[in-house]
Amino acid sequence: MGAALRRIQLGSALSAFGLGFTVPYLYVYVAQVRDLGAGTAGVVLAVFAMAALAVLPFTGRAIDRRGPLPVLVAASAIATLGAIALGLSSGVTASVLSAAVLGAGTAVMQPALATMLVWCSSTATRTRAFAMQFFLQNLGLGVGGLVGGQIVDTSRPESFTLLFLIEAAMFVVLGVIACTVRLSRAPVIADARPADGSKAPGGMRALLSHRAMVQLCVLGFVLFFACYGQFESGLAAYGTEAAGMQPSTLGIALAANTAVIVVAQFVVLRLVERRRRSRVIASVGLIWAFAWIVAGYAGLGHGSQTMATAAMISTYALFGLGESMLSPTVAPLVADLAPESMVGQYNSAFALCKQLALAVGPAVGGPMGATLHGPYIVTFVLFSLGITVLALRLGRRLTPVQDQPSLETVPSRVVAVSLPDSESGSAPAASAPAAAR
């Protein structure tokens with residue numbers, strides 16, 4: 001990696017480390033520590049997620065017009081203010097407004113960081129760049145959560161305030177690191193024109209007319225709805241109600257998910273980077289369908305409690321395996337589909353689809369996972385198989401290089417050829433016709 005890419009990856013990891021300090025404990029902080037009740041805690045979590053839906057439609061155009069660097073710095077500053085305010089909030093109104101500011105800032109960071117990765121990588125190196133970011137972000141979230149768990153004390157509100165201050169400090173560090181990055185191209189779009197000199201398309205209309213991108217957004221919604229949107233809602237409710245898991249065991253299951261991602265990421269990367277992206281994503285659908293079947297055995301089978309718990313932990317681990325296969329395929333594909341002048345808008349549109357799935361997923365999966373155990377499993381097995389179908393259909397609209405970046409021709413590094421003495425005399429004669437042409 002170049003110096004700019006290394007700094008971007010470091011800032012991304014540190015911001016994830018900061019988020020890991022607070023996100024797992026946000027509900028407990030609002031409901032119990034500040035004694036605002038479960039209803040207020042639910043509103044705070046919803047506002048935190050919905051704030052992204054409000055800002056992401058405008059983020060992409062700002063990135064493409066101003067460049068990702070100033071947008072990332074502004075987002076870091078906004079997230080810093082939100083984290084500090086939430087750590088000091090003791091009332092309902094202050095907590096809700098602070099969560100909105102924090103959610104908006106963190107939401108804008110992701111497409112800005114993704115665009116910076118695109119600018120600092122080529123089609124051939126982009127797969128590894130995004131895989132590294134996913135690995136470091138999960139590692140940061142996991143370590144942050146573990147360290148934060150050693151600090152929190154529900155009887156001491158100041159311990160939670162410390163968590164939010166640490167999170168704010170990480171956002172400040174991200175902004176400072178971003179200011180030191182020197183991108184290889186200017187953050188303007190005046191030079192981002194097609195090679196034939198025609199005017200580059202722009203705006204949401206151009207994005208919606210790009211069928212491959214629309215299909216990828218639909219696929220992304222289903223991916224996040226069927227996996228990430230269920231982790232802390234439907235699947236957790238199903239595990240405790242149907243499979244009889246203890247709430248503390250859910251932490252072990254989430255740790256297994258993170259551990260698989262951290263351990264398998266680069267092993268998986270070697271296996272998938274020379275294969276078609278559409279087929280890799282299709283295989284993720286099959287893996288997740290099997291994971292939901294394993295979860296079905298845990299809650300609907302007649303095995304022992306030990307077997308049910310082991311099956312649920314295995315479900316989370318299988319989801320982690322699928323996630324490690326998605327990180328080097330989906331995000332780089334968004335960048336490769338985008339026209340040069342719309343990288344920010346494409347990244348923001350995909351982030352918006354992800355956020356919609358994360359908002360709808362718990363609302364649908366939570367009640368089903370808690371009460372309709374059989375239909376819940378069947379529904380998400382079908383959604384997972386739908387991922388496979390959508391991925392294979394998407395593959396028909398991709399160019400060979402978009403679907404398999406390893407096919408891209410790498411320029412030769414040969415600068416001189418030394419010929420044996422026996423051939424040196426004939427070399428000029430052989431090259432003369434070529435020069436004449």
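Because only heavy atoms are used, hydrogens play no part in the values below, and waters and symmetry mates are left out as well, while side chains stay in. Keep in mind that what you see is a predicted model, and the values were worked out from it rather than measured.
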**OP:** Could you check Ser15 against Met170 for side chain to side chain contact (heavy atoms under 4.5 Å, CB included), going step by step and ending with a plain yes or no?
**Re:** CA-CA 5 Å; Ser15 66; Met170 292 299 101; 5.7 Å; no

**OP:** Kindly state each residue pair satisfying side chain to side chain donor-acceptor pair (under 3.5 Å) with at least one member in residues 364-381, sequence neighbours excluded.
**Re:** Gln230-Tyr376

Subject >> Pairs touching residues 359-368 that satisfy salt bridge (charged side-chain N to carboxylate O under 4.0 Å, His left out), sequence neighbours left out >> reply: none

Original post:
Going through the distances and angles, do Leu385 and Leu286 end up as a side chain to side chain contact (heavy atoms under 4.5 Å, CB included)?
Top reply: CA-CA 6 Å; Leu385 295 176; Leu286 297 178; 4.1 Å; yes

Subject >> Straight-line distance of Ile281 CD1 to Ile387 CD1, nearest 0.5 Å >> reply: 9.5 Å

Original post:
Val73 and Cys179: which non-hydrogen atoms are nearest, and at how many Å?
Top reply: CG2-SG, 3.8 Å

Subject >> Heavy-atom pair with the smallest gap, counting every atom of Ser314 and Val294 >> reply: CB-CG1, 4.4 Å

Original post:
Just by modelled atom types, is the Ala391 backbone N or O under 3.5 Å from a matching donor or acceptor in the Gln215 side chain?
Top reply: no

Original post:
Would you find a donor on one side and an acceptor on the other, under 3.5 Å apart, between the side chain of Tyr238 and the backbone of Ala295?
Top reply: yes

Original post:
Just wondering, do Leu223 and Tyr228 contact through their side chains at under 4.5 Å, heavy atoms?
Top reply: no

Subject >> Listed partners of Thr59 passing side chain to side chain donor-acceptor pair (under 3.5 Å), at least two apart >> reply: none

**OP:** Quick one: closest heavy-atom pair of Ala178 and Leu69, and the distance?
**Re:** O-CD1, 2.8 Å

Original post:
Backbone N or O of Thr399 within a donor-acceptor pair of the Gln402 side chain at under 3.5 Å?
Top reply: yes

Original post:
Rounded to the nearest 0.5 Å, what separation is found between the SG atom of Cys353 and the CG atom of Leu219?
Top reply: 10.5 Å

Subject >> Contact summary for Leu56 and Ala107, nearest pair of heavy atoms >> reply: CD2-O, 3.7 Å

**OP:** To the nearest 0.5 Å, tell me how far Leu235 CG sits from Cys227 SG.
**Re:** 9.0 Å

Subject >> Pairing residues for Leu162 by the side-chain contact (heavy atoms from CB on, under 4.5 Å) criterion, not counting sequence neighbours >> reply: Ile151, Ile166

Subject >> Point-to-point distance, once rounded to the nearest 0.5 Å, from CZ of Arg276 to CG of Leu398 >> reply: 10.0 Å

Review item, side-chain donor-acceptor pairs of residues 76-84, under 3.5 Å, at least two apart:
from	atom 1	to	atom 2	distance (Å)
Ser76	OG	Leu72	O	2.9
Thr80	OG1	Ser76	O	2.7

Original post:
Got a sec, which pairs hit ring pair (Phe, Tyr, Trp, His ring centres under 6.0 Å) with one end in residues 326-363, sequence neighbours left out?
Top reply: His210-Tyr346

Donor-acceptor list for residues 43-53 side chains, cut-off 3.5 Å, not counting sequence neighbours:
none

Original post:
Taking Arg7 for the side chain and Thr180 for the main chain, is one N or O donor matched with an acceptor at less than 3.5 Å?
Top reply: yes

Identify every side-chain donor-acceptor pair in residues 325-334 under 3.5 Å, counting partners at least two apart or on other chains, and give the distances.
from	atom 1	to	atom 2	distance (Å)
Ser327	OG	Gln265	OE1	2.9
Ser327	OG	Gln265	NE2	3.1
Ser327	OG	Ser324	O	3.3
Thr329	OG1	Met325	O	3.0
Thr329	OG1	Leu326	O	2.9

**OP:** Carefully, step by step, assess Phe319 and Trp292 under the rule ring pair (Phe, Tyr, Trp, His ring centres under 6.0 Å).
**Re:** CA-CA 9 Å; Phe319 277 121; Trp292 283 109; 5.5 Å; yes

Subject >> Among Leu356, Leu352, Leu390, Leu358, the one residue meeting side chain to side chain contact (heavy atoms under 4.5 Å, CB included) with Phe221 >> reply: Leu356

Original post:
Where do Phe380 and Phe225 land on the ring pair (Phe, Tyr, Trp, His ring centres under 6.0 Å) test, with the steps shown first?
Top reply: CA-CA 9 Å; Phe380 285 93; Phe225 177 78; 5.5 Å; yes

**OP:** Report yes if the side chains of Trp288 and Leu318 come closer than 4.5 Å at any heavy-atom pair, otherwise no.
**Re:** no

Original post:
With sequence neighbours left out, what residues match Gln355 under side chain to side chain donor-acceptor pair (under 3.5 Å)?
Top reply: none

Subject >> Plane angle bin for Phe164 and Tyr29 - parallel if under 30°, tilted between 30 and 60°, otherwise perpendicular >> reply: tilted

**OP:** Identify, with sequence neighbours excluded, every residue that meets side chain to side chain donor-acceptor pair (under 3.5 Å) alongside Thr115.
**Re:** Asn347

Original post:
Any side-chain heavy atom of Met116 sitting closer than 4.5 Å to one from Pro68?
Top reply: yes

Subject >> Listed partners of Ser98 passing side chain to side chain donor-acceptor pair (under 3.5 Å), at least two apart >> reply: Ser89

**OP:** May I have all residue pairs that pass salt bridge (charged side-chain N to carboxylate O under 4.0 Å, His left out) and include part of residues 112-141, sequence neighbours excluded?
**Re:** Arg126-Asp336, Arg128-Glu273

**OP:** Taking the side chain as every heavy atom from C-beta outward, state whether Arg277 and Leu394 have any atom pair closer than 4.5 Å.
**Re:** no

**OP:** Return yes if a side-chain donor-acceptor contact under 3.5 Å exists between Glu323 and Asn138, otherwise no.
**Re:** no

Original post:
Closest approach of Ala289 and Val381, non-hydrogen atoms and distance?
Top reply: O-CG2, 4.0 Å

Subject >> Ser278 and Asp403: side chain donor to acceptor below 3.5 Å >> reply: yes

Original post:
If you look at every heavy atom in Leu141 and Ala16, which pair is closest and at what distance?
Top reply: CD2-O, 3.3 Å

Original post:
Looking only at atom types and distance, does a side-chain atom of Arg397 sit under 3.5 Å from a main-chain N or O of Arg393, one as donor and one as acceptor?
Top reply: no

**OP:** Taking the six-membered ring for Trp and the full ring for Phe, Tyr or His, determine whether the centres of Phe130 and Phe134 are under 6.0 Å apart.
**Re:** no

